[in-house]
Every structure is written in structure tokens, then in C-alpha cells.
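Scroll down for the structure; my scribbles are underneath it.
Only heavy atoms go into these numbers, but all of them, side chains included; no hydrogens, no water, no symmetry mates.
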Amino acid sequence: MQDFNIDLHTHTLSSDHAYSTIVENIHYAREHHISMIACTDHGPDLEDGAHPWHFHNLKVVPRVCEGVAVLRGIEANIRNDGSVDVPLRALPMLDIILAGFHPCTAPMDIERHTLAYKKLMDDARVDVITHPGDVRYPCCYEEMLLYAKEHHVAIEINSSSDINTRMGSTQNCKEIARLAGKIGNIISLGSDAHICYYIANFESIKEILKEGNIKEEQIINRSPKAVLDFLESRGHKRIEELRSFFKC
Ligand SMILES: [Zn+2]
Ligand SMILES: [Zn+2]
């Protein structure tokens with residue numbers, strides 16, 4: 001399997017518990033031959049999530065900065081009822097919408113987490129479910145993954161889990177990868193970098209992907225074209241500048 005040089009989950013200091021600016025992220029990406037990053041700060045429900053204006057104003061970020069493609073994104077918070085905190089005004093500006101459970105949502109039980117994921121997918125705005133292996137928010141993985149497959153929603157394998165955060169999640173992540181390999185889910189890789197030095201560091205998940213028998217064709221990070229095709233298939237507008245930049 002290739003070394004992936006696209007990272008679809010990064011944070012900036014617009015979320016206070018992250019430490020790099022978007023420009024520092026771009027410089028790091030440029031120096032490490034990373035072709036594309038998605039800028040996906042936390043939604044406003046989280047205590048130190050980005051302000052709602054942060055998201056709609058992402059339009060000022062050029063499509064390609066110093067040779068690095070930048071997707072305008074959010075990592076929204078899934079609430080107990082399966083709704084998300086994507087600011088309405090930002091919706092048309094966003095290229096990619098991630099969502100996951102975070103501490104602003106009190107953990108419930110397996111059944112209710114599963115139900116929240118399904119409601120989230122019914123709502124159809126969210127493209128990628130982040131870190132579903134979080135030990136604090138377990139769900140019925142098979143049911144959730146089958147629903148994701150049916151609703152064309154990508155599942156993230158997150159390389160910060162059990163390294164920088166969400167300690168104890170590895171077993172769940174392995175189980176999710178094993179099921180996703182069998183079901184054939186669309187997979188998104190995210191470093192969840194909260195500082196530039198971690199961008200596109202996928203070392204910790206190589207084994208999980210291999211053990212889960214995840215095929216390269218399942219992983220949208222395999223090429224810029226695969227990312228852009230996926231986002232268009234999810235109903236996002238075609239990004240001409242990136243299509244022409246990558247000649248794809
Ligand atoms: Zn997260
Ligand atoms: Zn994150």
C-alpha cells in the first residue's frame with residue numbers, strides 16, 4: 001500500500017487546544033510533499049471550537065496555497081439526537097464535512113450512539129464520520145458500518161487515536177477496520193493533527209489497515225482525484241481550481 005500524502009483531518013489554533021496556524025500547516029505540508037490537506041476545525045458546540053464565522057469565511061483561503069491544496073472543512077460535533085453543529089451560513093462554503101462525538105456530548109449507551117449515527121447519516125450533510133472507535137462512545141459497529149455503506153458516508157481511520165488522545169481505542173479501531181474491510185466501506189484517513197508536525201503521519205494505522213484487509217481502492221486519500229470524486233458524489237460542488245491544479 002502507498003504512503004498517503006493527503007490528510008483529510010487537521011486542526012489549527014482556531015480551536016484553542018491546537019497549536020499551529022493554517023499557514024504553518026501549509027508550510028509543513030509543502031516541505032513534506034503533502035499534496036492536499038483539509039482544514040477541519042471543531043464545530044462551535046465544543047467549548048473551544050471555532051467561532052461560526054470561522055467556517056463561512058474559509059472562502060478567503062485560496063484553493064491552492066504555496067503548492068498545497070486546501071479543502072475548506074469542519075469537524076462538527078454529533079449531538080445526542082444525531083444532529084450536528086454545522087453553522088447554516090457556512091454550509092454552502094464547505095468542501096468537506098466531518099463529524100464525530102466529542103466531550104461536549106455526554107456519552108450515552110451503545111444503542112443510543114448507534115441511533116445517533118444513523119440519524120446523522122439520514123440527515124445526509126456529513127461526509128465522514130471521525131474516530132468512531134472512541135472508547136467513550138461505543139456503538140454497534142456492524143450496524144453503523146452497513147448504514148454508512150448504504151448512505152455513501154466515509155468512515156475515518158484516525159491516526160491520533162490511542163496515540164495523542166482517545167486512549168484505549170485501538171481494539172475498537174481494529175474491529176471497525178476488520179468489519180469495514182469485509183463490508184467495503186469508503187475509508188478516509190485523518191491524522192487529526194493538532195500541531196503541524198503530525199500532519200499526514202499515518203504510521204500508527206498502517207497495521208490496522210493491513211490487519212483489517214482494507215484495500216487501497218477503498219481509501220479516498222489514495223489520490224486527489226479520488227477525494228474530489230468522492231466529494232462530488234456526496235453532492236458538493238465541483239472545485240474547478242483543484243481539478244485543473246491536479247489535472248484530474
Ligand atoms: Zn475529533
Ligand atoms: Zn479532530
Side-chain angles (χ1 to χ4, degrees), residues 1-43 49-50 54-55 57-76 90 93-98 100 127-128 130-131 154 156-161 163-165 186-206 208-209 216 219-232 236-248:
M1 205 179 275
Q2 63 164 288
D3 283 327
F4 296 95
N5 72 342
I6 292 175
D7 191 340
L8 296 175
H9 185 169
T10 70
H11 293 279
T12 73
L13 46 72
S14 297
S15 314
D16 281 347
H17 64 290
Y19 304 97
S20 297
T21 64
I22 188 168
V23 173
E24 287 164 341
N25 284 352
I26 289 161
H27 286 175
Y28 182 88
R30 183 191 61 196
E31 283 157 23
H32 292 80
H33 311 290
I34 293 155
S35 61
M36 180 189 278
I37 59 172
C39 181
T40 54
D41 274 301
H42 291 283
H54 163 91
F55 299 101
N57 208 37
L58 280 170
K59 62 183 185 293
V60 304
V61 178
R63 290 296 187 187
V64 180
C65 303
E66 306 183 45
V68 178
V70 181
L71 295 177
R72 303 160 183 172
I74 184 171
E75 185 187 18
M93 319 288 176
L94 293 169
D95 302 322
I96 184 165
I97 299 177
L98 320 180
D127 307 306
V128 181
T130 59
H131 46 71
E156 181 188 71
I157 306 286
N158 183 302
S159 65
S160 276
S161 289
I163 301 279
N164 300 321
T165 182
I186 302 164
I187 299 293
S188 175
L189 306 183
S191 71
D192 205 358
H194 282 64
I195 189 160
C196 61
Y197 309 117
Y198 203 71
I199 292 176
N201 183 340
F202 298 129
E203 276 309 303
S204 66
I205 53 175
K206 280 187 172 166
I208 293 176
L209 294 171
E216 195 165 307
I219 302 174
I220 54 176
N221 308 57
R222 68 185 180 274
S223 69
K225 181 178 184 306
V227 173
L228 297 173
D229 286 349
F230 169 70
L231 295 174
E232 283 173 32
H236 289 280
K237 282 193 294 257
R238 183 180 168 90
I239 310 171
E240 266 331 318
E241 297 97 313
L242 294 188
R243 287 285 185 185
S244 67
F245 178 68
F246 289 113
K247 300 187 178 55
C248 68

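Contact between N221 and I187 at its shortest, heavy atoms only, is OD1-O, 4.2 Å. Residues G67 and F245 share a closest heavy-atom pair of O-CZ, 3.6 Å. Between I37 and A29, the closest heavy-atom pair is CG2-CB, 4.2 Å. When every heavy atom of F230 is checked against every heavy atom of D127, the shortest pair comes out as CZ-O, 3.5 Å. Across all their heavy atoms, A90 and F55 have their closest contact at CB-CB, 3.5 Å. Nearest heavy-atom pair, I96 versus A38, reported as atom, atom and distance to 0.1 Å: CG2-CB, 4.0 Å.
Remark: of the listed residues D41, T40, T21, D41 is the sole one forming a side chain to side chain donor-acceptor pair (under 3.5 Å) with T12. Each of I34, I26, N25 was evaluated against V68; a single residue qualifies, I26, per the side-chain contact (heavy atoms from CB on, under 4.5 Å) test.
Between H11 and H17, the angle of the ring planes lies from 30° to 60°, which puts this pair in the tilted group.
Between the CD1 atom of I195 and the CG atom of L13 there is a distance of 10.0 Å, given to the nearest 0.5 Å. L189 contributes atom CG, which lies 9.5 Å from atom CD1 of I6 (distance to the nearest 0.5 angstrom). The SG atom of C196 sits 9.0 Å away from the NE2 atom of H32 when rounded to the nearest 0.5 Å. Atom CD1 of I239 is separated from atom CZ of R243 by 8.5 Å, given to the nearest 0.5 angstrom. Taken from OG in S20 to OH in Y198, the straight-line distance is 14.0 Å, to the nearest 0.5 Å. With values rounded to the nearest 0.5 angstrom, I199 atom CD1 is found 6.5 Å from D7 atom CG.
The backbone N or O of M93 sits nowhere less than 3.5 Å from a side-chain atom of R72 that would complete a donor-acceptor pair. No donor-acceptor distance shorter than 3.5 angstrom exists from the side chain of E75 to the backbone of H42, with no hydrogens or angles considered. Although no hydrogens or angles enter the test, the distance criterion places no donor-acceptor pair under 3.5 Å between the side chain of D192 and the main chain of H9. With hydrogens and angles disregarded, no donor-acceptor distance shorter than 3.5 Å links the side chain of E31 to the backbone of Y28. Without hydrogens or angle criteria, T130 side chain to L98 main chain gives no donor-acceptor distance under 3.5 Å. Side chain of S188 to backbone of E156: no donor-acceptor contact under 3.5 angstrom is found. Checking side-chain atoms of S204 against main-chain N and O of S159 turns up a donor-acceptor pair under 3.5 Å.
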Pair C39, V61 - check side-chain contact (heavy atoms from CB on, under 4.5 Å), show working.
CA-CA 10 Å; C39 181; V61 178; over 6 Å; no

Working note: V128 + L8, criterion side-chain contact (heavy atoms from CB on, under 4.5 Å); need CA distance, chi angles, decisive distance, verdict.
CA-CA 9 Å; V128 181; L8 296 175; 6.0 Å; no

Between E241 and V64, is a side-chain contact (heavy atoms from CB on, under 4.5 Å) present by the stated rule, with each step listed?
CA-CA 8 Å; E241 297 97 313; V64 180; 5.6 Å; no

Kindly determine whether L242 and V227 satisfy side-chain contact (heavy atoms from CB on, under 4.5 Å), including the steps that lead there.
CA-CA 11 Å; L242 294 188; V227 173; over 6 Å; no

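Taking the side chain as every heavy atom from C-beta outward, S35 and P224 approach each other to under 4.5 Å. Annotation: side chain of H194 is not in contact with side chain of T165 (no heavy-atom distance under 4.5 Å).
A salt bridge is absent between K59 and D95; no separation between the charged side-chain nitrogens and carboxylate oxygens falls under 4.0 Å.
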